[in-house]
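The chains referred to below are lettered A, B, ... by the order of the sequence lines, with proteins before strands, and numbering in each begins at 1. Because the structure is predicted, anything quoted here is derived from the model rather than measured.
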Amino acid sequence: MVKRALSLEPPHSKRSRLEPSLSVLVASPEAAAAADACPPLGELLQMLENGLTEPPEKGDVVAYWMRMEDLRICDNRALAQASASAIKDHVPLIVFFVLSPEDYVAHDRSPRRIDFTLRNLSVLKDSLAKLNIPLHVSLHSQRRTLPSYVISFLQSVNAIRVFANIEYEVDELRRDINVCRLAKDNGILPSFVHDKLIVEPGLLSTKQGKPYTVYSPFQRQWLSTINSDTDNFLAEGASPKANPPSVKSCPVFQKLFASEVPSYVEGFQCPDGDKMAVVWPAGTDNAREMLRRFLHTKSRGTHLGIADPLDEAADISEKQSRAILYKENRDRADKDTTSRLSPYLAAGIISARECIRATLDLLGVKKVQANRDSGVGMWVQEIGWRDFYTHVLAAFPRVSMGRPFQEKYANVQWESNPEHFEAWRSGRTGVPIVDAAIRQANTMGWMHNRARMIAAMYLTKDLMIDWRLGERHFMQQFIDGDLASNNGGWQWSASTGTDPQPYFRVFNPYLQSEKADPSGDYIRSFVPELRKVFGPEIHNPPAKLADKLGYPRPLIDHKEARDRALRRYKNPGSK
DNA sequence: GCGCACTTGGC
DNA sequence: CCAAGTGCG
């Protein structure tokens, strides 16, 4: 992978003391505090409320601006509203998408995610064409001038209105604020709406009126809020209406229809794209089939050609579905126990609302069940975590600016050890469960959630390497990379995050291995050196055996490493 | 201000 | 079983 982010350092940031190869971007405390004091989401919403000073003039189209997190046609609020508005205004609807490689560099988007985006756009273009709606995909290289590029595109089609779903990352919000400002200046009415989450950011607060920073109380209010008005929070957005067939004879539309979805973006060529297309097929239909199978069947099977080593390890003797058994089995990385919908949720290929509605149908109930003693309830909680971490990001933008949520840990001393980091990144730490996890990510573009925690805890607490480097590596590998969830997970592992995980809770990777992979199938699937090792020694192979199999010895002793981590967290700044 | 909870973990 | 920490009701 090309080294990125080095030439694109924002002016407010300064490099950490780590060596160049281990450098991460960290905003100054002042810049971070300023962002927290005035979160850009508030500014965007304010701007939308103020409306146009003059009503928009008559134009030729209504436009829906599709972005990386809402790649679907059904149950899409901005698209539904755009369609309704087009009908009311008696003009046709167009959809456009702007590829922005500088943003992908700055946000460590993985080639797999970009490739997945393009594959989905291709499916969407065909589906929209059946409704006589063009999807225009173009590329703009400079992120700084993207807002004016969007406006000039809207002017070129003489749009009256532009609709989009809100993205809650800082840069995206600042971009959209600029788009709104320019749109209004040019007589185009912008509408940016909440769509990503079940409950929009800002709606929930503690009795003190502050945003939640702990999950359990958040979850309680999240659930009761949803259940107080399920018709609203779980409402399915209307599907867009077809344009009249006459648009096909209009030259502007012909041009839009004729534009093609590129097969790759320069700098983001996906070397294992063919494999990804099999493991993670594009399109809402495939996502829905995955959801259906998770809720109703015991195994993913090999439908749609989806195949990976763990399919064979799926225990098909179970009578109930994976969703029903999720509570008992979810931490098993050696079985097919999870929905694996994260890439589809991250890219909005299926809506979180649809997932929750499907649980209501499954249980035959009207209120959302999120109790921790049922499988379906636990799975709903995972969608709760997705909402929670995005709420945290929206309320405390500094977490995405390289700052720890807990500033008291800002000066924890990290090891600057390129060899250790490289060993972790390539899955050669000598701890089998960690290496299996990393290699799963590097081959599938995805990792079991428990494995994410184990790998993250090992990097931060055992190798004592800056969590931001791990955060970046995950984003660069994963097909499901979501800033809020990834950052939340890493800060949780590093004990710097919102949910107060005391720093002294350090995973023992060997005990974790026995719990997450009791059969050893997970390790054997992804660590070929250990493929012939059966029995408990697979979790911590004796040095002699490791040497014989060409498997690395552990980089460090867990107990010593644990003590070092406790020392450094106890007195941030100390060695 | 007190007590409960913690995707509690470790011993 | 205990707990080196702490948000929240």
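Taking NZ of A:Lys461 as the start and CZ of A:Phe504 as the end, the distance is 10.0 Å to the nearest 0.5 Å.
Of the N and O atoms on the side chains of A:Tyr551 and A:Asp435, at least one donor lies less than 3.5 Å from an acceptor on the other residue. Judged by distance alone, the side chains of A:Asn486 and A:Glu471 never bring a donor and an acceptor atom under 3.5 Å apart. No hydrogens or angles considered: nothing links the side chains of A:Trp467 and A:Ser493 as a donor-acceptor pair under 3.5 Å.
Atom C1' of B:dC4 sits at a distance of 13 Å from the matching atom of B:dT8, rounded to the whole Å.
At least one test fails for A:Arg220 against the ring of A:Tyr212: distance under 6.0 Å to the centre or angle within 45° of the axis.
In this structure, A:Met453 places its CE atom 14 Å from P of B:dC6, rounding to the nearest Å. The nearest whole Å value for the distance from the CZ atom in A:Phe396 to the C1' atom in C:dG7 is 12 Å. Between A:Gln221 atom CD and C:dC8 atom P there is a gap of 11 Å when expressed in whole angstrom units. Spacing between atom NZ of A:Lys461 and atom C1' of B:dT8 amounts to 12 Å, rounded to whole angstrom units. Here B:dC6 presents its C1' atom at 17 Å from OH of A:Tyr503, a figure rounded to the nearest Å. Summarising the geometry, the separation between NZ on A:Lys210 and P on C:dG9 is reported as 11 Å, rounded to the nearest angstrom. Rounded to whole Å, the distance from CD on A:Gln381 to P on B:dT8 is 10 Å.
Every residue two or more places apart in sequence or in another chain that forms a ring pair (Phe, Tyr, Trp, His ring centres under 6.0 Å) with A:Phe116 is listed here: A:Tyr344. Residues passing the ring pair (Phe, Tyr, Trp, His ring centres under 6.0 Å) test with A:Tyr409 are A:Tyr569, sequence neighbours excluded. For A:Phe396, the ring pair (Phe, Tyr, Trp, His ring centres under 6.0 Å) partners are A:Phe405, not counting sequence neighbours.
Interface residues of residues 479-491 of chain A facing DNA chain B, ordered by number: none; criterion, heavy-atom separation under 4.0 Å.
Exactly one residue among A:Trp492, A:Trp222, A:Tyr215 makes a ring-ring contact (aromatic ring centres under 6.0 Å, His included) with A:Phe388. That residue is A:Tyr215.
Using a cutoff of 4.0 Å between basic side-chain nitrogens and carboxylate oxygens, A:Glu407 and A:Arg403 are scored as salt-bridged. Note on A:Arg72 versus A:Asp195: salt bridge recorded, some NZ/NE/NH1/NH2 to OD/OE distance being below 4.0 Å. The pair A:Arg524-A:Asp521 counts as a salt bridge, with a side-chain nitrogen and a carboxylate oxygen less than 4.0 angstrom apart.
Note on A:Ser216: every side-chain N or O is 4.0 Å or more away from OP1 and OP2 of C:dC8. For A:Arg372, a side-chain nitrogen or oxygen approaches OP1 or OP2 of B:dT8 to under 4.0 Å. Between A:Tyr212 and C:dG9 there is a side-chain N or O to OP1 or OP2 distance below 4.0 Å.
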Dump the pairs, protein N or O against N or O of nucleotides 9-11 of chain B, anything under 3.5 Å, distances to one decimal.
from   : atom 1 : to       : atom 2 : distance (Å)
B:dG9  : OP1    : A:Arg450 : NH2    : 3.4
B:dG9  : O3'    : A:Val506 : O      : 3.2
B:dG10 : OP1    : A:Val506 : O      : 2.1
B:dG10 : OP1    : A:Asn508 : N      : 2.3

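Using a 4.0 Å heavy-atom criterion, one finds that A:Asp331 contacts no nucleic acid atom at all.
The side chain of A:Gln208 lies closest to C:dG9 when the candidates are C:dT6, C:dG9, C:dG7.
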How would DNA chain B look in dot-bracket form, 5' to 3', counting Watson-Crick and G-U wobble pairs with both distances under 3.5 Å and writing | for bases paired to another strand? .|||||.|||.
